[in-house]
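The block underneath contains the structure these notes are about, expressed in structure tokens.
Just so it is clear, the values below take in all heavy atoms, side chains as well, and ignore hydrogens, waters and symmetry mates.
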2 protein chains.
Amino acid sequence: MARRAVSDDEGRRPTTIRDVAAHAGVSVATVSRILSGTYPSAPATRSKVMRAVRELDYVANANARGLAGASSRSVAIIVNSVVSPHYAHVAQGVQTQAALEGKLCIVGTTGGDPERELATVQLMRQEQAECVILVGNVVNDDAYRERMAEYARALALAGSQLVLCGRPALGPDVPALVIEYDNTGGAHAITSHLLSAGHRRILFLGRREGYTTPDSRIAGYRKALADFHVPHDPGLEMDGTMERHEGYRMIRERLDAGPRDFTAVFAGNDLIAAGARQALREHGLRIPDDVSMVGFDDLPTAADIDLTTVHVPHEELGRTAVRMALEHKRTKSGVADHVMLGTHIVVRDTVRPFPAEDTSL
Amino acid sequence: MARRAVSDDEGRRPTTIRDVAAHAGVSVATVSRILSGTYPSAPATRSKVMRAVRELDYVANANARGLAGASSRSVAIIVNSVVSPHYAHVAQGVQTQAALEGKLCIVGTTGGDPERELATVQLMRQEQAECVILVGNVVNDDAYRERMAEYARALALAGSQLVLCGRPALGPDVPALVIEYDNTGGAHAITSHLLSAGHRRILFLGRREGYTTPDSRIAGYRKALADFHVPHDPGLEMDGTMERHEGYRMIRERLDAGPRDFTAVFAGNDLIAAGARQALREHGLRIPDDVSMVGFDDLPTAADIDLTTVHVPHEELGRTAVRMALEHKRTKSGVADHVMLGTHIVVRDTVRPFPAEDTSL
DNA sequence: CGGCGTTAGGTAAACGGTTAAACACGTGGC
DNA sequence: GCCACGTGTTTAACCGTTTACCTAACGCCG
């Protein structure tokens with residue numbers, strides 16, 4: 001008794017495992033076993049089944065499979081935006097490693113809105129994602145952190161795993177993995193690079209109090225100043241977000257406000273650097289002849305403008321996130337749950353020595 | 001009769017709709033109906049249920065939901081690579097529109113390998129994606145096309161929908177939507193821009209015979225030459241893929257091979273342009289003073305290097321793909337199934353007039 | 001006061017797989 | 001000749017929802 005006696009060709013029900021079983025003359029269970037591969041089976045049966053699968057062009061229904069308890073699911077990644085190169089490269093790493101492990105990758109974007117981020121995590125929980133990877137910069141707020149910790153616990157309870165990628169840990173007993181990279185160290189190194197070249201008035205572009213990434217970058221900047229015994233002038237730190245046009249705006253405003261009072265620029269990331277560079281050039285200032293400049297991230301754009309910058313292992317960040325999450329789920333919490341990847345500076349051609357009038361070093 | 005009498009706190013089964021029903025003192029069906037919202041319900045019952053949901057932190061299992069026939073599923077996008085800006089921007093559009101329609105977005109990458117692309121489509125079919133969006137450049141091969149047509153039919157049969165985004169149609173009776181943009185027109189326009197400025201020897205970078213995107217761009221280039229009665233010199237077309245380092249290589253090889261025999265460069269896309277620009281500068285050639293240059297795509301990098309280029313509506317491409325697919329599924333094939341989005345040139349600062357010695361125009 | 005439309009909620013059958021347990025069927029040991 | 005055994009397959013019980021169908025309760029009117 002066919003479920004549908006009508007013979008309309010259009011809306012025909014897709015082939016199920018039952019159809020395959022019938023076509024091959026075996027039971028449904030046998031087909032399932034042979035397809036999962038995880039069971040002994042007679043070669044003759046096997047080939048019968050495979051032929052049926054091919055002839056009917058059968059593919060298993062992932063929903064049914066997931067429901068029935070077969071584990072292979074998917075990996076979720078949540079980013080601010082797909083077009084931002086920083087996120088894109090991490091996403092690429094996640095995608096690569098996920099494919100390697102035979103899982104697929106569902107992405108959500110938040111546009112930087114913590115509310116949407118929280119909501120998206122819930123969505124991924126619904127979706128039964130094997131792990132949920134949260135990437136990058138976020139507001140550093142207690143209430144937010146507490147909510148996220150709650151979600152981490154909910155995910156763990158559902159057999160999933162929260163991974164924080166490029167952002168600090170939530171707290172000591174929150175079941176989340178953390179993959180960081182050394183923002184402060186990188187910022188310290190590249191600021192030192194400028195200081196060693198003799199620069200003393202270094203403009204920092206992209207401060208944003210209460211946001212994890214700029215906060216730790218500026219911390220490295222300040223520490224380097226202190227190490228070189230250069231007095232810290234808060235007036236040299238400009239507020240702004242990590243976008244190209246913000247870099248443009250900040251330089252613009254600075255130069256419009258009065259005479260130039262800096263010899264070098266530390267852009268919070270390479271995008272800001274690109275925007276800042278354009279504004280500087282529009283003001284007739286050449287890099288590095290008139291002003292030295294460094295950035296952060298080592299995005300492709302840095303190569304275009306020959307920018308000395310800090311290399312961040314974006315793809316490895318993403319790959320490691322997936323690898324660790326899956327590993328952690330296999331061997332229940334045997335491995336480390338917090339790693340810090342290194343950064344290093346990439347010297348190109350945007351820094352010139354500056355003859356220090358005051359060699360207090 | 002609890003499924004598990006053991007009281008281990010760790011591996012507790014996640015809460016199901018049954019738990020919610022029990023906790024609220026109603027039946028499972030009622031909970032389901034109230035959560036889907038699509039049913040009358042007494043306010044009292046409603047609030048009881050909502051409270052239970054909140055107290056138990058319940059989220060529905062998407063697999064079960066999908067299995068049981070609730071339609072809201074997900075949108076799949078398949079791209080060459082997430083980090084390539086071209087794909088990233090389309091992906092952003094897809095992601096945006098999907099979120100707007102309340103669906104989430106699963107992505108697959110192919111690395112440009114047709115085999116992997118085919119495999120990924122199968123994966124998405126398993127996953128019950130509402131539509132499968134294939135983005136961008138691909139080999140133009142009959143066998144491949146036939147296989148993809150097969151998959152399009154399989155998807156349609158399973159209630160899904162194949163969408164080709166930025167690539168030509170498969171054939172007249174293949175159930176696939178096509179969202180294209182005007183490669184040939186854009187290439188024609190920007191080549192004309194160079195020709196109008198007096199350039200006659202225009203080097204084309206990034207020919208790749210049998211690939212849809214470069215093929216149609218070079219077609220526009222040739223047509224513009226013909227329209228201006230400029231003899232076509234195949235020696236001015238250089239083979240290469242659409243990557244930055246390829247642009248660098250091509251210029252490098254050209255200039256190493258002999259004296260410069262072109263006054264302008266048409267880079268197959270902006271990435272090639274960026275690479276080519278670097279190679280030209282290393283040879284002491286300035287843009288646009290010594291050599292004019294144009295690109296294609298209008299990626300962010302084009303703004304960095306002030307490149308005159310062709311704007312492609314990447315995000316809109318992605319958004320339209322999702323919108324049309326979903327629309328098409330609602331109103332069975334009422335709407336158009338093939339649209340061509342326009343392109344236009346963006347004039348920046350990489351083209352200078354070239355005093356023509358031969359004004360055959 | 002009994003019949004009836006309406007409304008809110010319950011019952012149970014799918015959905016398409018997986019998998020533990022039962023089973024059929026030679027095979028070799030005693 | 002009987003039994004324990006291993007191999008390959010089937011049977012049937014789930015997995016967590018949705019939803020078609022049914023029922024209880026409640027006015028309302030003749």
Open item on the list: Categorize A:S27 for me: base, sugar-phosphate, or nothing, with a 4.0 angstrom heavy-atom threshold over every strand shown.
Closed with: base

Task: Residues forming a salt bridge (charged side-chain N to carboxylate O under 4.0 Å, His left out) with B:E316, sequence neighbours excluded - done: none

Task: All salt bridge (charged side-chain N to carboxylate O under 4.0 Å, His left out) counterparts of A:R116, not counting sequence neighbours - done: none

- [ ] Give a yes or no on whether the backbone of B:R18 and the side-chain of B:T16 come within a donor-acceptor separation of less than 3.5 Å.
- [x] yes

Open item on the list: For B:G136, is there any backbone N or O sitting under 3.5 Å from a side-chain donor or acceptor partner on B:R167?
Closed with: yes

I need the [atom1]-[atom2] distance between [X] and [N], as an integer number of Å.
| X | N | atom1 | atom2 | result |
| --- | --- | --- | --- | --- |
| B:Q126 | C:dC15 | CD | P | 20 Å |
| B:R125 | C:dG16 | CZ | C1' | 15 Å |
| B:R18 | C:dT11 | CZ | P | 13 Å |
| A:I34 | C:dT18 | CD1 | C1' | 14 Å |
| B:L67 | D:dC14 | CG | C1' | 13 Å |
| A:N63 | C:dA14 | CG | C1' | 15 Å |
| A:D19 | C:dC15 | CG | P | 11 Å |
| A:I17 | C:dC15 | CD1 | P | 15 Å |

Open item on the list: Assuming nearest nucleotide by heavy-atom distance, tell me which of A:T30 and B:V28 is located more 5' along DNA chain C.
Closed with: B:V28

Task: Residue mapping more 5' on DNA chain C - nearest nucleotide basis, A:L35 or B:V26 - done: B:V26

- [ ] Would you tell me if any nitrogen or oxygen in the side chain of B:S32 comes within less than 4.0 Å of OP1 or OP2 on D:dT18?
- [x] yes

- [ ] Return no unless some side-chain N or O of A:R33 is found under 4.0 Å from OP1 or OP2 of C:dT18.
- [x] no

TODO: Looking only at side-chain atoms of A:A29, point me to the closest of D:dT10, C:dG10, D:dC15.
DONE: D:dT10

- [ ] Please name the pair of heavy atoms, one in A:I34 and one in A:M50, separated by the smallest distance, quoted to 0.1 Å.
- [x] CG2-SD, 4.4 Å

TODO: Check each of A:R73, A:K329, A:R125 against A:E130 using the salt bridge (charged side-chain N to carboxylate O under 4.0 Å, His left out) test, and report the only one that passes.
DONE: A:K329

Open item on the list: Near DNA chain D, counting only heavy atoms under 4.0 Å, which residues of residues 42-61 of chain A show up?
Closed with: A:A42, A:T45

Task: Under 3.5 Å side-chain donor-acceptor pair for B:Q122 and B:Q126 - done: no

